[in-house]
Amino acid sequence: MTPDSLANLIAQAEGQQTANWEGRDVALFNMPWGELAISLQGAQVLHFRPANDTGWLWTTPTPQPLPDVIRGGIPLCWPWFADERYADESPDRNGPFHGLARQAAWRLDAVDEHAEGIEVHLSPAQPLHSQLTARVVIQANAQRLNVELISENIGDAPVKTSGALHTYLAVNDIHDCRLEGLAGARYLDKLRDFAESEQQGTLAIHGAIDRIYHSNEAVMLNDGVRSLRVAKQSSDSTVVWHPNTELPSDTPADAARHFVCIESANTRLDPVWLVPGAQHLLGTTLSRG
């Protein structure tokens, strides 16, 4: 579910082009296999629609102007996620919530096109950390969307990090959603002061939810109309989030019914220690169920 103004830009694009949307440079791809839109603020996938399907991602119809970030798509939370500010180098660890990557300018380093799909490489326009670098690889075709966030320690001391691919999935109605693949997993409930529980059977969403599941399994999302499979790489935390009626200012109530966040993450349950020279790949893969 994509804002009309962005959908119109994509529809007018032929092949690959760059445009400006809501004050941000966006890379647009309108190809026989489908459509892809990436904001160069944050290297954020805003839209993905494979051929002969509807869009798989949700982006708010009322985005905030710069310097705020856009809610929706797949924001990058790096090099920290939420309150796990291990890699925050700012005074008193008071850097931006969810890290620096999603507010930063990124550059389009390479685009590899082929008949079946595309591979896009991006990196920050300026260094974001004294010891850590990041790059993003996005692969898209008619069957799947794969996003990889690759961190490397170029310093001389170990660094502890957290992070997430904060994926907003488009759904027909949040109250019709069922999530398979989490049964038996332990989780921390952020709405109950991180109380620990165990998931019993299928997860249905009836109200506000903000949970960190200790799981590396793929999740199957069914909204009563279609199914999407959410798989991941190098992540033992799956975050499931929806605010219900406690909505952020950039999220209209009628639009909020049409998304749920299922995030591949490294959280307090599975932080990443990077020694000098080491790399870590956090990935998420969306495909038809």
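Index from 1, following the sequence.
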| Residue pair Gln199 / Ser215, side-chain heavy-atom distance below 4.5 Å | no
| query | Closest approach of Ala170 and Asp223, non-hydrogen atoms and distance? | reply | O-OD2, 4.5 Å
| query | Is there a side-chain contact between His280 and Ser234, using heavy atoms and a 4.5 Å cut-off? | reply | yes
Extract all donor-acceptor atom pairs below 3.5 Å that involve side chains of residues 74-85 and protein atoms in other chains or at least two apart in sequence.
{"residue": "Trp78", "atom": "NE1", "partner": "Ser151", "partner atom": "OG", "Å": "2.7"}
{"residue": "Trp80", "atom": "NE1", "partner": "Pro96", "partner atom": "O", "Å": "3.0"}
{"residue": "Glu84", "atom": "OE2", "partner": "Arg268", "partner atom": "NE", "Å": "3.1"}
{"residue": "Glu84", "atom": "OE2", "partner": "Arg268", "partner atom": "NH2", "Å": "3.2"}
{"residue": "Arg85", "atom": "NH1", "partner": "Asp88", "partner atom": "OD2", "Å": "3.3"}
{"residue": "Arg85", "atom": "NH1", "partner": "Gly95", "partner atom": "O", "Å": "2.6"}
{"residue": "Arg85", "atom": "NH2", "partner": "Gly95", "partner atom": "O", "Å": "3.4"}

| field | Pairwise side-chain contact, Thr267 with Ser162, heavy-atom cut-off 4.5 Å (strictly under) | value | no
| Under 4.5 Å side-chain linkage, directly or through intermediates, the cluster mates of Leu9 | Leu6, Ile10, Trp21, Val26, Leu28, Leu46, Ile70
| task | Check ring pair (Phe, Tyr, Trp, His ring centres under 6.0 Å) between Tyr168 and all other residues, then give those that pass, not counting sequence neighbours. | result | Trp58, His166, Phe259
| said: Taking the side chain as everything from C-beta on, heavy atoms only, tell me whether Leu108 gets closer than 4.5 Å to Gln16. | reply: yes
| Nearest 0.5 Å, what's the CD1-CG distance between Ile262 and Leu221? | 4.5 Å
| query | Under a single-linkage rule joining Ile, Leu, Val, Met, Phe, Trp and Tyr whose side-chain heavy atoms are separated by less than 4.5 Å, which residues share a cluster with Val225? | reply | none
| Just wondering, are more than 12 heavy atoms of other shown residues or ligands nearer than 6.0 Å to CG in Asn94? | yes
| said: Using the side-chain hydrogen bond (donor to acceptor under 3.5 Å, both in side chains) criterion, which residues pair with His121? Sequence neighbours excluded. | reply: Glu119
| query | SG/Cys177 to CG/Leu169 distance, rounded to the nearest 0.5 angstrom? | reply | 9.0 Å
| How long is the span from the CG atom in Asn153 to the CH2 atom in Trp273, to the nearest 0.5 Å? | 10.5 Å
| query | Any salt bridge (charged side-chain N to carboxylate O under 4.0 Å, His left out) pairs touching residues 92-107, not counting sequence neighbours? | reply | Arg107-Asp109
| said: Between Gln41 and Leu66, is there a side-chain heavy-atom distance shorter than 4.5 Å? | reply: yes
| field | Lys232 side chain to Ser237 backbone, donor-acceptor under 3.5 Å | value | yes
| task | Taking all non-hydrogen atoms of both residues into account, name the closest pair between Ser227 and Met220 and its distance. | result | CB-SD, 4.3 Å
| request: Indicate whether the side chain of Ser264 and that of Ser235 have a donor and an acceptor atom separated by less than 3.5 Å. | output: no
| request: Would you sort out whether Ile138 and Leu122 count as a side chain to side chain contact (heavy atoms under 4.5 Å, CB included), showing the intermediate values? | output: CA-CA 8 Å; Ile138 300 166; Leu122 304 104; 3.8 Å; yes
N/O donor to acceptor pairs below 3.5 angstrom from side-chain atoms of residues 141-148, sequence neighbours left out:
{"residue": "Asn141", "atom": "OD1", "partner": "Gln143", "partner atom": "N", "Å": "2.8"}
{"residue": "Asn141", "atom": "OD1", "partner": "Arg144", "partner atom": "N", "Å": "2.9"}
{"residue": "Asn146", "atom": "OD1", "partner": "Thr285", "partner atom": "OG1", "Å": "2.5"}
{"residue": "Asn146", "atom": "ND2", "partner": "Gln139", "partner atom": "OE1", "Å": "3.0"}
{"residue": "Asn146", "atom": "ND2", "partner": "Glu148", "partner atom": "OE2", "Å": "3.2"}

| query | Are the side chains of Asp156 and Gln131 in touch, meaning some heavy atoms are under 4.5 Å apart? | reply | yes
| For Leu281, the rest of its hydrophobic cluster, which grows through side-chain links under 4.5 angstrom | Val137, Ile150
| Only one of Met1, Arg226, Arg49 clears side-chain contact (heavy atoms from CB on, under 4.5 Å) with Trp56; which? | Arg226
| message | Test your reading of the model: is there a side-chain donor-acceptor pair from Thr167 to the backbone of Leu165, 3.5 Å cut-off? | response | yes
| said: Would you say that His242 contacts His175 through its side chain, given a criterion of any heavy-atom pair below 4.5 Å between the two side chains? | reply: no
| note | Residue pairs passing the side chain to side chain donor-acceptor pair (under 3.5 Å) test with at least one member in residues 25-34, sequence neighbours excluded, are none
| note | Rounding to 0.5 Å, atoms CG (Leu179) and CD1 (Ile209) come to a distance of 8.0 Å
| query | What are the two closest heavy atoms between Ala256 and Thr251, and how far apart are they? | reply | CB-CG2, 3.7 Å
| field | Qualifying salt bridge (charged side-chain N to carboxylate O under 4.0 Å, His left out) pairs with a residue from residues 246-262, counting only residues at least two apart or across chains | value | Arg71-Asp250, Asp173-Arg257
| message | Would the distance check show the side chain of Trp106 and the main-chain N or O of Ala101 forming a donor-acceptor pair, the cut-off being under 3.5 Å? | response | yes
| query | Do Ser197 and Arg192 have a side chain donor and acceptor closer than 3.5 Å? | reply | yes
| Looking at Pro248 and Pro243, what are the two nearest heavy atoms and their distance? | CD-CG, 4.2 Å
| said: Among residues at least two apart in sequence or on other chains, which ones pass side chain to side chain contact (heavy atoms under 4.5 Å, CB included) with Glu116? | reply: His114
| said: Check this for me: Asn20, atom CG, are more than 12 non-hydrogen atoms of other residues, nucleotides or ligands nearer than 6.0 Å? | reply: yes
| task | Report yes or no: does Asp176 contribute a side-chain atom to a donor-acceptor pair with the main-chain N or O of Gly224 at less than 3.5 Å? | result | no
| For the side chain of Asp270 and the backbone of Asp236, is there at least one donor-acceptor N/O pair under 3.5 Å apart? | yes
| message | Applying side chain to side chain contact (heavy atoms under 4.5 Å, CB included) to Tyr187 and Thr238, what does each step give before you reach the verdict? | response | CA-CA 9 Å; Tyr187 67 85; Thr238 297; over 6 Å; no
| remark: For Leu100 and Leu128, the nearest pair of non-hydrogen atoms, with its separation, is CD1-O, 3.0 Å
| Would a 4.5 Å heavy-atom cut-off, applied to side chains only, mark Val240 and Leu182 as touching? | yes
| Non-hydrogen atoms of Pro276 and Ala157 that approach each other most closely | CG-N, 3.5 Å
| Using a side-chain heavy atom cutoff under 4.5 Å and only I, L, V, M, F, W and Y, what cluster partners does Ile154 have? | none
